[in-house]
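Mind having a look at this structure? Questions to follow.
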Amino acid sequence: MRKRTKTNTKDALRGVKRKQRIVCLMSDEELRIVDHYLARYKITNKSRWFRETILGFIHKNMEDDYPTLFCEHDMRR
């Protein structure tokens with residue numbers, strides 16, 4: 001009998017292999033806040049949550065800062 005391994009289908013389809021590590025230091029209070037949030041919303045994968053939260057924030061800011069032909073004021077007229 002073969003042992004089943006738990007895989008994320010999105011990552012398996014993309015062939016993602018994460019080899020780079022980022023280390024972040026937090027104070028006791030900051031860690032307590034994060035842990036409270038994760039427990040409240042029943043988030044079990046802290047690493048994926050950090051990754052999705054940070055990259056989502058960066059992606060949103062990049063979309064907002066995307067250069068346009070006209071300034072925002074001119075486009076709203």
Side-chain angles (χ1 to χ4, degrees):
M1 179 182 255
R2 288 169 62 182
K3 184 177 180 181
R4 295 182 80 185
T5 58
K6 187 176 181 181
T7 60
N8 187 342
T9 56
K10 288 182 185 178
D11 292 346
L13 293 174
R14 286 189 255 147
V16 174
K17 289 188 178 182
R18 294 182 179 90
K19 298 178 183 178
Q20 305 300 322
R21 177 182 302 264
I22 293 178
V23 177
C24 173
L25 298 177
M26 303 178 98
S27 69
D28 291 338
E29 183 180 354
E30 292 167 335
L31 185 60
R32 199 170 30 252
I33 292 168
V34 169
D35 288 340
H36 176 73
Y37 181 89
L38 297 176
R40 179 176 183 171
Y41 293 101
K42 297 180 177 126
I43 298 169
T44 57
N45 190 331
K46 188 187 290 190
S47 178
R48 182 171 67 179
W49 177 77
F50 268 114
R51 195 169 43 251
E52 290 174 355
T53 302
I54 293 168
L55 292 176
F57 179 82
I58 291 170
H59 182 72
K60 181 185 174 301
N61 282 346
M62 289 179 74
E63 280 184 351
D64 293 345
D65 294 342
Y66 190 78
T68 59
L69 188 57
F70 304 102
C71 68
E72 184 177 350
H73 176 72
D74 294 339
M75 291 191 304
R76 290 184 184 268
R77 284 200 224 175

- Message: For the CZ atom of Phe50 and the CD1 atom of Ile43, what is their distance to the nearest 0.5 Å?
- Response: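 It comes to 10.0 Å.
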
- How long is the span from the OG atom in Ser27 to the CD1 atom in Ile33, to the nearest 0.5 Å? 7.0 Å

- Task: Assess whether atom CE of Met26 is packed by more than 12 heavy atoms of other residues, nucleotides or ligands within 6.0 Å.
- Result: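 Result for CE/Met26: enclosed.
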
- Message: Check Arg32 with Asp28, please: is the shortest side-chain N to carboxylate O separation under 4.0 Å?
- Response: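 The answer is no: the pair does not qualify as a salt bridge.
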
- Item | Option from Thr53, Asn61, Leu55 for which side chain to side chain contact (heavy atoms under 4.5 Å, CB included) with Phe57 holds | Asn61

- Note on the structure: When rounded to the nearest 0.5 Å, the distance separating CD1 of Ile54 from CH2 of Trp49 is 8.0 Å

- Message: How close do Asp35 and Lys46 get, counting heavy atoms only, and between which atoms?
- Response: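 Heavy-atom minimum between the residues: OD1-NZ, 3.0 Å.
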
- Does Arg76 have any side chain to side chain donor-acceptor pair (under 3.5 Å) partners at least two apart in sequence or in another chain, and if so, which?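 Listed in chain order: Glu72.
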
- Message: Using 0.5 Å steps for rounding, measure from the CG atom of Asn45 to the CZ atom of Arg51.
- Response: 7.0 Å

- Query: Atom CG in Leu25, atom CG in Leu31: separation rounded to 0.5 Å?
  - Reply: 11.0 Å

